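We use all heavy atoms of the structure for the numbers below, so side chains are in, but hydrogens, waters and symmetry mates are not. When a residue number appears, it is its place in the shown sequence, counting from 1. Quick caveat, the model's predicted, so the values are computed rather than measured. Each ligand, and each atom within it, is numbered from 1 in the order the structure gives.
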Amino acid sequence: MDQPDWNPTVCILCECNCGVEVRLDGRRFARIRGDKQHAASKGYTCEKALRLDHYQNGRHRLTSPMRRRPDGAYEEVDWDTAIAEVAAGLAAVRDEHGGHTIFYYGGGGQGNHLGGAHSPALRAALGSRFRSNALAQEKTGEFWVNASVAGANTRGDFANAEVAVFIGKNPWQSHGIPHTRKTLKEISNDPDRSMVVIDPRRTETADLADYYLQVRPGTDAFCLAAMVAILVEEDLVDTRFVSDNVSGVDAVLAAAREVPVGEFAGRCGIDETLLRDTVRRIATASSVSFFEDLGIQMAPHSTLNSYLDKLLWVLTGNFAKPGAMNAPSALIPLATAKAGSLKRSPVAGERIIGGMVPCNVIADEILTDHPDRYRAMIVESANPAHSLADSSRFREAMRALQFSVVIDVAMTETAREASYVLPASSQYEKWEATFFTFEFPTNVFSLRAPILDPLPGTLPEPEIHYRLCRALGAIDDEMVASLRAAAGRSRAEFAEAFFVTTSSDPLLGRMAPVLLYAALGPTLPDGAASAAVLWAAAHRAAMAYPDAVRRAGHEGEGLELGEALFDALVRDRRGTVFTVHNYEDSWREVTTPNGKLNVDVPEMLDRLRALPDAPDAHTTDEYPFVLAAGERRSFTANTIFRDPGWRKRDPEGALRMSPADAERLGIHSGGRVRVSTRRGSIDAIVDVSDTLQPGHITLPNGLGVDYPSDDGSSAVAGAAPNELTWPELRDDFAGTPWHKHVPARVDVLG
Ligand SMILES: Nc1nc2c(c(=O)[nH]1)N[C@H]1C(S)=C(S)[C@@H](COP(=O)(O)OP(=O)(O)OC[C@H]3O[C@@H](n4cnc5c(=O)[nH]c(N)nc54)[C@H](O)[C@@H]3O)O[C@H]1N2
Ligand SMILES: Nc1nc2c(c(=O)[nH]1)N[C@H]1C(S)=C(S)[C@@H](COP(=O)(O)OP(=O)(O)OC[C@H]3O[C@@H](n4cnc5c(=O)[nH]c(N)nc54)[C@H](O)[C@@H]3O)O[C@H]1N2
Ligand code: SF4
Ligand SMILES: [Mo]
């Protein structure tokens, strides 16, 4: 591959996927800078993007498929052998126990979703029914609430918001909104705008806030319920908006009037006057945007928290207008949750939301003699043996499987338990994209071209899926050849042939991604075969939002509009604007039966009414601290970087602790302690920090992964947080874990 000076691509470390330009020196990332021409990020990055060479060129990269020998060691095998044996291993489980016992986990991280978009074909070829990924340990509760209230996913418009509210979200470190730090500073510096932060730790974001609510850990439901009650009690509900646009409000008003505001303020540790002032500021603003994240989604009452958060913006009329909550379009929806009664997982009987089994029950659904237990697993671009509650139990579950395969760039904690490991090309060596397209009213999709040739021995995931489907006999080469011939003649002929083929048989319909890859893919420029899956998505978007797609500059009627959008996606290297909406368009995304926002959600109202009797502390004499296990810091990025050398500070990921607790324990910054929970212990260095309240301690996410040294041995930096967590610690509705609320003990080491 020739190396033009600055190669456009994106940063893959968080959902923002900021556009960057990389200057190469051979295969090394010699320089990296923000891409000013990127359609979404326009040059913005944070400091982490500069470290991407540690991902691309670290010593963790795999260059051959690996097979586990009976003695547990791994040996290299060639790709043909690996594909044949993986297909045979999965087919054996299917034939013996049924395809529903083959579980699929993952599908993409912060920067890569094209591989996962091809996985439905492999799953269809195997008859696999159950799947999950990280969203089922953070967002499924919120997805369900959004589905119940709006029938759509919703997102804040922070750039235009008069008031920005962050609940259990530290965007200064974790980002998640466009040009995050710039937007935060703008809000903070503008005397006419305000920022509200609800967080037990005085974070970098809290330091910018006008209203900082330092809630006691795990008591947000009391705080948010009191806020809703104040809205009702002080007549701050936007009654005009509500009577025109909201249904079921009487049930909410009745429940809110029962909330003991003063008592709840006390239980969440927030001064009632501050709480009332905050609610008044929100209710009287011309626009308010809300962002709830892990601090309330991985804590007690998490689904109820999400519901109460939504009530705050629904009752104040903050929907479908500038600066408020809106419903962005999607090129490929990440997950479509449905309200109402839900399918259940086969062994534990937990709710499946958005098609995902709660992460916390996966190990339980393997380690059992239940006839429908999972017997095989396909893991793609995820590290569940590190990222799911109770790592040691997950490792045990992996070993109990009859067969497992991991597709990753590295020999991860999860890969080390698998029957086979298939090495993927890195995200800078293949066509890639994410489906994190949450901007409104202007929404951008970034298809990236490779900036390096694949590392020898690696393959892109779409090719891996295609080869496995072929080896399973699920692809008829003649059919692919005839579709490919049609694609060679014209897009219109291809469209017709593809439609006829995929509608002839439901199984072929589900094979669509790999059929597109193999038939349309070879006709795309620059080897962009993996982008063929976007062809169907472009047509769907053009049909769903024709006016918004045209406003984004794509032209044509009917099928032509979809083709024009697809061609633009494949051509552009710095993001494609695919929709430009009017704010009223958010109403079109609302899919509740009567087209209104619906706040009468009985499952949540029951929980709200039960709140006065719910405990507000879960610590014990033996485990007196609340540990937030997995805090986002300047030098964390999930487990995308394995090389600890990327961290300029905090190399081992210190345990943060309040000065009062440190004094009581007689420990200083730099001292060593043991953190223990009911499940396990880890050792850590202490960082005494006045940002924490007494009784609250935090550990970063993403540490505790091993990395090979020059001499071939390997070393682990820091502690893996999920050695301390356990699966039963989870939300009673969505099954999401309480990773931010783990009862723990701290012992000083000599
Ligand atoms: N630097 C960096 N950025 C990242 C990532 C990363 O690894 N590193 N990961 C990305 C991913 S996958 C995600 S999902 C996002 C997550 O982004 P965030 O949700 O912002 O990240 P966290 O730091 O895990 O948690 C947010 C806040 O919750 C607070 N919190 C803890 N307990 C409670 C509580 O009981 N109540 C309330 N109200 N708050 C509480 C914590 O103090 C913390 O400030 O970040 C993304 N961005
Ligand atoms: N205790 C605790 N646990 C947590 C959290 C917490 O706050 N506390 N946070 C949770 C959250 S929000 C999340 S999102 C998860 C994240 O955890 P996971 O979803 O498991 O994902 P990552 O750590 O992002 O790891 C992604 C994997 O993809 C691999 N990879 C990178 N590029 C490619 C590629 O191009 N192809 C393939 N096939 N693989 C690739 C990496 O090597 C890595 O193994 O962790 C969750 N776990
Ligand atoms: S980590 Fe996130 S905010 Fe920072 S440069 Fe990368 S994508 Fe952008
Ligand atoms: Mo996440």
Self-check item: Enumerated ligand 1 atoms positioned under 4.0 Å from heavy atoms of P217
Solution: 35 (O)
Practice problem: With Q173 as reference, evaluate R633, E204, E631 under the side-chain hydrogen bond (donor to acceptor under 3.5 Å, both in side chains) test and give the passing residue. | Solution: E204
Quiz item: Any sub-3.5 Å donor-acceptor pair from E142's side-chain atoms to S306's backbone N or O?
Solution: no
Practice problem: Number the atoms of ligand 1 from 1 as they appear, then name those within less than 4.0 Å of a heavy atom of N701, with their elements. | Solution: 6 (C), 7 (O)
Quiz item: Can you list the ligand 1 atoms lying under 4.0 Å from a non-hydrogen atom of E138?
Solution: 14 (S)
Self-check item: Per-residue contact class, T203 against ligand 1 - non-hydrogen pairs under 4.0 Å
Solution: side chain
Quiz item: Do NZ/NE/NH1/NH2 and the carboxylate oxygens of D210 and R281 come within less than 4.0 Å?
Solution: no
Quiz item: Is K169 in contact with ligand 1, taking contact as a heavy-atom separation below 4.0 Å?
Solution: yes
Quiz prompt | ligand 1 atoms in contact with Q173 (distance to a heavy atom under 4.0 Å) | solution = 1 (N), 2 (C), 3 (N)
Self-check item: Best match, G109, A629, S174: closest heavy atom to atom 20 (O) of ligand 1
Solution: S174
Practice problem: Starting from atom 28 (O) of ligand 1, locate the nearest protein heavy atom and write down its residue, its atom name and how far away it is, to 0.1 Å. | Solution: G295 CA, 3.1 Å
Self-check item: Electrostatic pair E292:K310 at N-O distance under 4.0 angstrom
Solution: yes
Quiz item: Do F166 and F290 have ring centres separated by under 6.0 Å?
Solution: no
Quiz item: What residue and atom, counting heavy atoms only, is the protein's closest point to atom 36 (N) of ligand 1, and at what distance?
Solution: D220 OD1, 2.6 Å
Quiz item: Taking the side chain from D643 and the backbone from H54, do they hold a donor-acceptor pair closer than 3.5 Å?
Solution: no
Quiz item: Which atoms from ligand 3 have a heavy atom of N17 less than 4.0 Å away?
Solution: 7 (S)
Practice problem: If you have a sec, work out which protein heavy atom is nearest atom 44 (O) of ligand 1 and how many Å separate them, to one decimal? | Solution: D199 OD2, 2.6 Å
Quiz prompt | Contact check, R216 vs ligand 1, heavy-atom distance below 4.0 Å | solution = no
Self-check item: Protein heavy atom at shortest distance from atom 40 (C) of ligand 1
Solution: P200 CD, 3.2 Å
Practice problem: Considering the heavy atoms of G218, write down every atom of ligand 1 situated less than 4.0 Å from one of them. | Solution: 34 (C), 35 (O)
Quiz prompt | Aromatic plane relationship, H741 with H618 - under 30° parallel, 30 to 60° tilted, over 60° perpendicular | solution = perpendicular
Quiz item: Minimum heavy-atom separation for C14 to S174, with atom names?
Solution: SG-O, 4.1 Å
Quiz item: Is it true that D293 and K139 have a side-chain N and a carboxylate O under 4.0 angstrom from each other?
Solution: yes
Self-check item: Any donor-acceptor pair under 3.5 Å from S289 side chain to D157 backbone
Solution: yes
Practice problem: Indicate, as side chain, backbone, both or neither, the part of E15 found under 4.0 angstrom from ligand 1 when only non-hydrogen atoms are considered. | Solution: neither
Quiz item: Nearest to atom 1 (N) of ligand 1, what protein heavy atom do you find, and at what distance?
Solution: R633 O, 2.9 Å
Self-check item: Enumerated ligand 1 atoms positioned under 4.0 Å from heavy atoms of I296
Solution: 38 (N)
Self-check item: Closest candidate by heavy atom, reference atom 24 (O) of ligand 1, pool E631, H741, K740
Solution: K740
Quiz item: Can a salt bridge be assigned to the pair D732 and R607 using a cut-off of 4.0 Å between side-chain N and carboxylate O?
Solution: yes
Quiz item: Looking at G168, which atoms of ligand 1 are within less than 4.0 Å of one of its heavy atoms?
Solution: 19 (O), 26 (C), 27 (C), 28 (O), 37 (C), 38 (N), 39 (N)
Self-check item: Interfacing atoms of ligand 1 (cut-off 4.0 Å, heavy-atom, R201)
Solution: 42 (O)
Exercise. Write out the residue and atom name of the closest protein heavy atom to atom 23 (O) of ligand 1, then the distance separating them to 0.1 Å.
Key: R632 N, 2.9 Å
Quiz item: Salt bridge between R131 and E380, side-chain N to carboxylate O under 4.0 Å?
Solution: no
Quiz item: Is the shortest N/O to N/O distance between I198 and ligand 1 below 3.5 Å?
Solution: yes
Quiz prompt | W144/F733 aromatic ring centres below 6.0 Å | solution = yes
Practice problem: Around atom 19 (O) of ligand 1, find the nearest protein heavy atom and jot down its residue, atom name and distance. | Solution: L294 N, 3.0 Å
Practice problem: Could you tell me whether D199 and K169 have a side-chain N and a carboxylate O separated by less than 4.0 Å? | Solution: no
Self-check item: R181 charged N/C atom sitting above W172 aromatic ring, 6.0 Å / 45°
Solution: yes
Quiz item: What is the ring orientation for H179 with Y44, classed by angle as parallel under 30°, tilted 30 to 60°, or perpendicular over 60°?
Solution: perpendicular
Quiz item: Relative to atom 8 (N) of ligand 1, which among V197, T636, N305, T205 owns the nearest non-hydrogen atom?
Solution: T636
Practice problem: Could you tell me whether ligand 1 has any atom less than 4.0 Å away from a heavy atom of G630? | Solution: yes
Quiz item: Do F436 and H113 have their ring centres less than 6.0 Å from each other?
Solution: yes
Practice problem: Tell me, please: is H739 in heavy-atom contact with ligand 1, that is, under 4.0 Å? | Solution: no
Quiz prompt | Minimum heavy-atom distance C16-T180, with the two atoms named | solution = SG-OG1, 4.4 Å
Self-check item: Face-on cation placement of R33 at W6 ring, 6.0 Å and 45° thresholds
Solution: yes
Practice problem: Using a cut-off of 2.8 Å, count how many protein N, O or S atoms are strictly closer to atom 4 (Fe) of ligand 3. | Solution: 1
Quiz prompt | S634 N/O to ligand 1 N/O under 3.5 Å | solution = no
